[in-house]
Amino acid sequence: MQKLFFLVCGWLMVSSAIAQPATGSAKTDYADLVNPLMGTDSKPSLSNGNTYPAIGLPWGMNLWTPQTGRMGDGWAYQYTADKINGFKQTHQPSPWMNDYGAFAIMPITGAVRFEEKDRASWFSHKAEVSKPYYYKVYLADEDVTTEITPTERAASFRFTFPKTDSSSVVIDALDKGSYIKVLPAEHKIIGYTKRNSGGVTENFKNYFVIVFDQPFDYVYTYKDGQKTTADEQRCDHAGAVIGFTNTAKGQKINARVASSFISFEQADQNLKEIGSDNFETVKSKAHQIWNEVLGKVEVSGGSTDQLKTFYSCLYRMVFFPLKFYEINAEGKPVHYSPYNGKTEPGYMFGGTGFWDTFRALYPFLNLVYPDIVKQMQEGLVNDYKEGGWLPEWSAPGYRNIMIGNNSASIVAESYIKGLRGYDIETLYQALLHDANNEGPMEAVGRAGVKYYNELGYVPYDVQINENAARTLEYAYDDYCIYTLGKALGKPASEIDIYRKRAMNYKNLFDPTHLLMRGKNKDGQFQSPFNPFKWGDAFTEGNSWHYSWSVFQDVQGLINLMGGNHKFTGMLDSVFVMPPTFDDSYYHGVIHEIREMQIADMGQYAHGNQPIQHMIYLYDYAAQPWKTQYWARETMNKLYKATPDGYCGDEDNGQTSAWYVFSALGFYPVTPTSTEYATGAPLFKKAKIHFENGKTLEIDAPANTENTRYVQSATFNGKPYTKNYLDHFALQKGGKILIEMSETPNKQRGTTRGDRPFSLSDTKN
């Protein structure tokens, strides 16, 4: 009986601890709250994130990941897989974009073998540790444990081998042109891979160097699948196997790995990031860096699951774009140019699509991490000087995917929000250039620009796909150009045309349906019109998703729809309609459609970007409590720090940025304005430590699962009723105190002066 009593008491204590909200403190290990496996339970037909466990440093040049798929397969790591065939250095921003400059390392025991299918080993998530700064897994078939820890351009590997007379490491430089050379006297392997998915010049190479801490007992190289005893191979598919005889049980063999897009000499230079540090020291330093970056935002007073979700999302937000520059022997930043194939001075970044990330990812970086954004802006200057255009999707150079000219938002927002010290004049000229020209591919410059500039829209019937979506995004981009030009003191004769074009969204508004609709060259709306048809005039969505893409002038859209009542009724309809869809444009159900269909939120397709801001539009129409309700509902329902934890493609931090902003209680509907639309915080307490030394506290002490509404708020002790927060006011620091309630306050935030920025509300 006594034993039973103590068991019951112990169980109750554990249960009570689990049920209690998690609290943060100065000692919180933010990095260890992250689950890099969030979103990895994905496949082409259904994305729960389409992520992989990325082991690296924030904005590092290289990432590492275990590889369960075939080399060259965009789905590098799938949670449901049961075999690992290599540990890959990766730069992949998305499975749809695939990788560039990848090579793989894999330990094996027993018979020497090279091919993926032959070297693949069973593993279990039960024997896997995945942290942002550290990865460890037991490879069952080999009886080997592999560990990885990173620097920005290098990594330390540690292999723990069993007692055997043959312990080997495979180095696979992949196909499509590669080179390998073994230097036994130096315990070293050098090589390069030319494999890429586009966006580079013909001379592209990723040079790598691998240095072991023990001499090799045997060496083999592989030439297009043929095993040889030569020390060097240059062919389509080169590789090597180096080995150690008579390893003892538990024997650890270490390798230091670095790479460069410039040369072998620069790869050696990059290896100095590790220097003489042992594995544990590299790991400790990486761990510290992650805690410093994640600790810029402290949240507490939520459940453990909510904390894990928040920091797992923040982890995804501080990878892409990856640094594409290196530090030379003189300590200067240099980069291989994917545009001209030369080594050029200065910064460069690669691996992001502005169609996704202009919405919330870059606004968050500008708010919390502006120093790295300044480097990114300098990198954009180099993109333009070396390539002649700004990238819209870089991986690492221009890629022909998605629509819009959203580099305008990326450039304008940073300057409007106070970043200085880079060549903004060149970037402004780049915006004018790209806004008025068709690029070398559809996704650079503006496809259909002649029609857009003459008619005020891209017509439906001139063989330019996704024309309505292009028109809506070009109009927002024109607002960005106008706003930047105004801030730079450009003459009205130069910039007023862009203010006028920012209103081009009105040309596609169909007053019959109160929705956006494709329009033919003759001025007639395209017919027949099915507002549930995905694609066609729109991009990865339908009219119900894209009709809200008037970021710059929500009040103007409200006016077109007939006022607040009709506007909020249309917003409400998104959530109550069934998830009807027409997939005829795609000739099948694409994964974005399926993700909307199964979410049980009507037509609200949060798994893709075009509609993600729509929840915050109630703020503009005197019903902010509905923003508060739906933001909390979306956070609760569609996000969790689990392998199936996203509701669609994570997309380089954008879908994560929606969650992080929303959990803090505000969101950048109009990135290039200085105002954020407000929602309600998820946590009892949040602190944002700005790079200017100021700290903003957001306190909601009564916040619980059931209190999702803002009853009242004060900002630095003064009552605050507005449905927006100003960027510069936030950066001065201070305290926002929010009283939460189980029932909405339908009087707060309902006056004309409480609504966020809209261009229609401004005179110039």
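The figures here come from the full heavy-atom set of this structure, side chains too, leaving out hydrogens, waters and symmetry mates.
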To the nearest 0.5 angstrom, please state how far the [atom1] atom of [X] sits from the [atom2] atom of [Y].
X: E298; Y: Y30; atom1: CD; atom2: OH; answer: 3.5 Å
X: M740; Y: N706; atom1: CE; atom2: CG; answer: 11.0 Å
X: I698; Y: L737; atom1: CD1; atom2: CG; answer: 11.5 Å
X: I736; Y: T678; atom1: CD1; atom2: OG1; answer: 9.5 Å
X: L557; Y: M570; atom1: CG; atom2: CE; answer: 9.0 Å
X: L664; Y: Y676; atom1: CG; atom2: OH; answer: 11.0 Å

Donor-acceptor pair, side chain of [X] and main chain of [Y], under 3.5 angstrom:
X: N48; Y: G39; answer: no
X: S673; Y: T670; answer: yes
X: K323; Y: G60; answer: no
X: K687; Y: E697; answer: no
X: Y347; Y: Q377; answer: no
X: D726; Y: F728; answer: yes
X: T309; Y: A641; answer: yes
X: N703; Y: G301; answer: no
X: T568; Y: H565; answer: yes

Pair [X] and [Y], ring centroids less than 6.0 Å apart:
X: F358; Y: F551; answer: yes
X: F575; Y: W544; answer: no
X: W59; Y: Y369; answer: yes
X: Y620; Y: Y616; answer: no
X: Y479; Y: F757; answer: yes
X: W548; Y: F567; answer: yes
X: F364; Y: F661; answer: yes

Please tell me whether [X] and [Y] have a donor and an acceptor in their side chains that are separated by less than 3.5 angstrom.
X: Q711; Y: T743; answer: no
X: N723; Y: D754; answer: no
X: D572; Y: Y618; answer: yes
X: S407; Y: E392; answer: yes
X: S312; Y: N35; answer: no
X: D371; Y: Q375; answer: no
X: Y505; Y: S549; answer: no
X: T51; Y: E650; answer: no
X: Q555; Y: S758; answer: no

Count the heavy atoms of every other residue, nucleotide or ligand shown that sit under 6.0 Å from [atom1] of [X], and state whether that count exceeds 12.
X: K637; atom1: NZ; result: yes
X: K417; atom1: NZ; result: yes
X: K283; atom1: NZ; result: yes

With side chains defined as the heavy atoms from C-beta onward, is the minimum distance between [X] and [Y] less than 4.5 Å?
X: D477; Y: N406; result: yes
X: S741; Y: V710; result: no
X: P681; Y: I738; result: yes
X: L63; Y: Y52; result: yes
X: L484; Y: Y428; result: yes
X: N652; Y: L361; result: no
X: V34; Y: Y133; result: no
X: P53; Y: T40; result: yes

Check side-chain hydrogen bond (donor to acceptor under 3.5 Å, both in side chains) between [X] and all other residues, then give those that pass, not counting sequence neighbours.
X: K285; value: D277
X: Y498; value: N436
X: H606; value: Y604, Y639

Report task. Would you please test M38 and Y315 for side-chain contact (heavy atoms from CB on, under 4.5 Å) and show each step? Result -> CA-CA 10 Å; M38 181 177 176; Y315 148 87; over 6 Å; no
Report task. Please report the closest heavy-atom contact between G56 and F319, naming both atoms and the distance. Result ->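 What the structure gives for the nearest pair is C-CE2, 4.2 Å.
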Query raised in the report: Between K490 and E425, is a salt bridge (charged side-chain N to carboxylate O under 4.0 Å, His left out) present by the stated rule, with each step listed?
Result: CA-CA 11 Å; K490 299 300 180 182; E425 181 61 34; 2.8 Å; yes
Query raised in the report: So, are R359 and E473 salt-bridged, with charged N and O less than 4.0 Å apart?
Result: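 Yes, R359 and E473 are salt-bridged.
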Query raised in the report: Got a salt bridge between R632 and E705, using NZ or NE/NH1/NH2 to carboxylate O under 4.0 Å?
Result: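 The answer is no: the pair does not qualify as a salt bridge.
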Query - Partner of N291 by side chain to side chain donor-acceptor pair (under 3.5 Å), out of D32, D29, T28 - result: D29
**Report entry** Among T674, N366, T672, the one residue meeting side chain to side chain donor-acceptor pair (under 3.5 Å) with E413
**Finding:** N366
